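Naming: A, B, ... by sequence-line order, numbering from 1 per chain. Every value quoted in this text rests on a predicted model; they were computed, and no experiment measured them.
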There are 2 protein chains.
Amino acid sequence: MPAQNRPSSSGRSLEHPDRAEIRLEGVLHALSDPMRLQIVCDLAAVEGELNCSVFDLPVSKSTTTHHFRVLRESGVVRQIYRGTAKMNALRRDDLEVLFPGLLGTVLTAAGHQASRLGAPA
Amino acid sequence: MPAQNRPSSSGRSLEHPDRAEIRLEGVLHALSDPMRLQIVCDLAAVEGELNCSVFDLPVSKSTTTHHFRVLRESGVVRQIYRGTAKMNALRRDDLEVLFPGLLGTVLTAAGHQASRLGAPA
DNA sequence: CAGTTCGTACGATAGTCATCGTAGTACGAG
DNA sequence: CTCGTACTACGATGACTATCGTACGAACTG
């Protein structure tokens with residue numbers, strides 16, 4: 001294997017949309033699923049990248065893979081392989097340039113709604 | 001018909017979700033369709049209420065009715081009958097209380113994207 | 001009343017989506 | 001090389017969705 005083509009730690013690569021290809025409708029659709037919105041909130045909370053398997057979602061692994069793919073293909077997250085793990089990170093910069101403030105307001109709104117619905121006690 | 005129960009000009013009434021019933025996922029989903037996003041942008045542009053038929057959408061009347069229903073049931077717009085016309089208005093106040101800034105950032109983002117994609121000349 | 005306009009309801013259809021289980025691939029450790 | 005872990009690919013399925021056409025209802029205009 002030629003050393004010229006050695007990404008960080010793996011030969012596997014994942015398709016990501018260019019910044020210019022990200023569409024608002026796609027992003028909104030990606031965020032309109034409760035499972036994916038939860039993922040995005042968790043990602044935003046840690047400010048870094050997260051392994052796929054740290055998310056404790058009430059669905060099967062296949063379904064989890066599906067949701068991460070939707071998030072990646074809509075341009076919301078960036079995914080890279082790091083050994084056997086696949087790390088996920090929000091594309092904060094790209095989203096901020098394309099849709100200023102959008103991510104923030106959605107995350108805030110999700111937080112408000114969670115307080116309103118989940119902690120009425 | 002008793003005079004006590006006479007709405008503005010019609011006996012027809014439409015179901016709307018309570019403010020407390022509006023869900024973020026539902027709103028995002030409603031906005032994730034290009035047709036509906038266009039409707040919301042148009043509504044936001046005029047600051048008032050708009051007749052259903054002033055929207056020049058490239059779909060049939062039945063489909064238009066469908067999209068307006070989705071917007072109404074998700075809590076994005078309020079609809080009232082005024083004679084034969086059905087007027088539509090954004091539920092700005094409710095959305096602002098529930099999800100502060102969200103509507104604004106989405107509309108701004110839609111505007112940016114429209115400029116970026118539609119008017120590159 | 002008759003006619004027109006505006007919107008609804010219903011049924012149909014083709015497409016997308018969230019979900020699953022199973023089988024498989026990629027990588028690191030022993 | 002073998003094993004375990006992490007994630008994927010594939011096929012299936014049931015649910016939802018966007019779309020249409022046609023037929024109907026409600027209100028205004030004569």
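- Taking Phe68(B) as the reference, Phe55(B) meet the ring-ring contact (aromatic ring centres under 6.0 Å, His included) condition, with sequence neighbours excluded.
- At the phosphate of dT19(D), OP1 or OP2 sits under 4.0 Å from a side-chain N or O atom of His67(B).
- With sequence neighbours excluded, the residues satisfying side chain to side chain contact (heavy atoms under 4.5 Å, CB included) with His66(B) are Arg36(B), Val70(B).
- To the nearest angstrom, P of dA6(D) lies 14 Å from CZ of Phe68(A).
- Here the closest heavy-atom approach between residue Pro58(B) and residue Met35(B) is recorded as CD-SD, 3.8 Å.
- In terms of position on DNA chain C, the residue among His29(A) and Ser60(A) whose nearest nucleotide sits closer to the 5' end is His29(A).
- Taken residue by residue, residues 30-46 of chain B places no heavy atom nearer than 4.0 Å to DNA chain C.
- Both Val59(A) and Leu50(A) belong to a common hydrophobic cluster when Ile, Leu, Val, Met, Phe, Trp and Tyr are linked at side-chain heavy-atom distances under 4.5 angstrom.
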Which nucleotides of nucleotides 4-9 of chain C have their base under 4.0 Å from a protein heavy atom (B), which only their sugar-phosphate (S), and which neither (-), written as one string 5' to 3'? --SBBB

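- The side-chain heavy atoms of Ile80(B) and Asn88(B), taken from C-beta on, include no pair separated by under 4.5 Å.
- Taking 4.0 Å as the cut-off between side-chain N and carboxylate O, Asp93(B) and Arg19(B) do not count as a salt-bridged pair.
- Consecutive Watson-Crick or G-U pairs involving DNA chain C, each under 3.5 Å on both distances, make up stems of three or more pairs at C:1-30 with D:1-30.
- Atom P of nucleotide dC7(D) and atom CG of Leu57(A) are separated by 12 Å, given to the nearest angstrom.
- Taking only side-chain nitrogens and oxygens, Thr63(A) never comes nearer than 4.0 Å to OP1 or OP2 of dT19(C).
- Salt-bridge check for Glu49(A) with Arg82(A): passed, with a basic side-chain N closer than 4.0 Å to an acidic carboxylate O.
- Within the structure, the salt bridge (charged side-chain N to carboxylate O under 4.0 Å, His left out) test picks out no pair touching residues 50-71 of chain B (sequence neighbours left out).
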Does the side chain to side chain contact (heavy atoms under 4.5 Å, CB included) test come out yes or no for Ser62(B) and Thr65(B), once each step is laid out? CA-CA 5 Å; Ser62(B) 326; Thr65(B) 296; 5.7 Å; no

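- Using a 4.5 Å heavy-atom cutoff, the side chains of Val54(B) and Asn51(B) are in contact.
- One can place CZ of Phe55(A) at 15 Å from C1' of dA6(D), the figure rounded to the nearest angstrom.
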Side chain to side chain contact (heavy atoms under 4.5 Å, CB included) for Ile39(B) and Val77(B)? Distances and angles first, verdict last. CA-CA 10 Å; Ile39(B) 292 175; Val77(B) 306; 5.7 Å; no

